[in-house]
Amino acid sequence: MQTVHDVAPLRAQVRAWRGRGETVGFVPTMGNLHQGHESLVRLALARADHVVVSVFVNPTQFGPSEDFSRYPRSLPADQALLSGVGCDLLFAPEVATMYPHGADHTAVVHVPDLTSVLEGEFRPGHFDGVATVVCKLLHMVHPDLAVFGQKDYQQLKVVEYLVRDLCLPVQIMAAPICRADDGLALSSRNQYLSATERARAPVVHETLLQMRDWLAAGHAPSVVERAATTRLRRAGLVPDYAVVRRASDLGVPEASERDGLVALIAAHLGQTRLIDNLTLG
Ligand code: PAF
């Protein structure tokens, strides 16, 4: 596996593959890779001849009080995991490569509507940072397809929207959530959890399953949301939201709507913010 830090060698390699009629899959990441990322790479490898993975901790998607400086960085371990799984090329750019005018002076890609709710409400500006860096990465890599995890459900919707709206010539693929045996969705941030918190964390997934069952039993989404919030609080978490939304556009469903829904939770457990979701029906 090659590792490159600049755009020119990345483009040269991708151009050579595409020139031979070979397809390129892309998996953007912020590094600190785990089994969840591995499953994204495997999906890309199953659908494309070559796979490029980027590792870039993107400063513009972190708020001022968020964990940008302490976000775990582990490039050597990431390289080992990626070459083990069969990735062809790792792109690990510096901030100056991604933001030549500086991260505070970048042109910004803003996706409307979708980005002002849920994560957008609790992390203002987050999705501008995500949309901007994803757009840049797609222009740099020029893949045929790009894989995004369904764990960041709203991010996936934002990316689908921007690709459609800006006519980017890439197919977006959603990869299923990878979970630990007890149901906790895998995330780089799980390593912030203490042993006691880690033991309590599966309650997020359990609550999503409970939300699904409550809806199936005929309860209205608003009732389910209140009950889920109470359940999380009783388990010692501080929920930002526990909601049922339309899976297509994250709109609020009618009381009787049951098809094409998704349950989403964001909750604090100690210093760690966990997010998870479950598509329903
Ligand atoms: O999901 C992530 O790891 C990041 O938000 C992404 C898509 C790599 C953009 O920085």
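Every number for a ligand or one of its atoms is a count from 1 in the order of the listing.
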*Asks:* Flag the pair R47 / M173 as yes when at least one side-chain heavy-atom distance between them is below 4.5 Å, and no otherwise.
*Replies:* yes
*Asks:* For P72, check side-chain contact (heavy atoms from CB on, under 4.5 Å) against everything at least two apart and list the hits.
*Replies:* N32, Q191, Y192
*Asks:* Does T3 have any side-chain contact (heavy atoms from CB on, under 4.5 Å) partners at least two apart in sequence or in another chain, and if so, which?
*Replies:* M1, H5, Q79, L90
*Asks:* Measure from every N or O atom of ligand 1 to the protein's N or O atoms and keep only the pairs below 3.5 Å, writing each with atom names and distance to 0.1 Å.
*Replies:*
unit_1, atom_1, unit_2, atom_2, d
ligand 1, 1 (O), Q155, NE2, 2.8
ligand 1, 5 (O), Q61, NE2, 2.9
ligand 1, 5 (O), Q155, OE1, 2.7
ligand 1, 10 (O), Q61, OE1, 2.6

*Asks:* Regarding D240 and R273, does a basic nitrogen lie under 4.0 Å from an acidic carboxylate oxygen?
*Replies:* yes
*Asks:* Please go through L280's hydrophobic cluster and name the other residues, only I, L, V, M, F, W, Y counting, with side-chain heavy atoms under 4.5 Å joining them.
*Replies:* L184, L193, V203, V204, L208, L209, M211, W214, L215, V224, L232, L237, V244, L261, I265, L269, L274, L278
*Asks:* Quick check: Y71 with F62 (ring centres under 6.0 Å apart)?
*Replies:*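 That pair passes the under 6.0 Å test.
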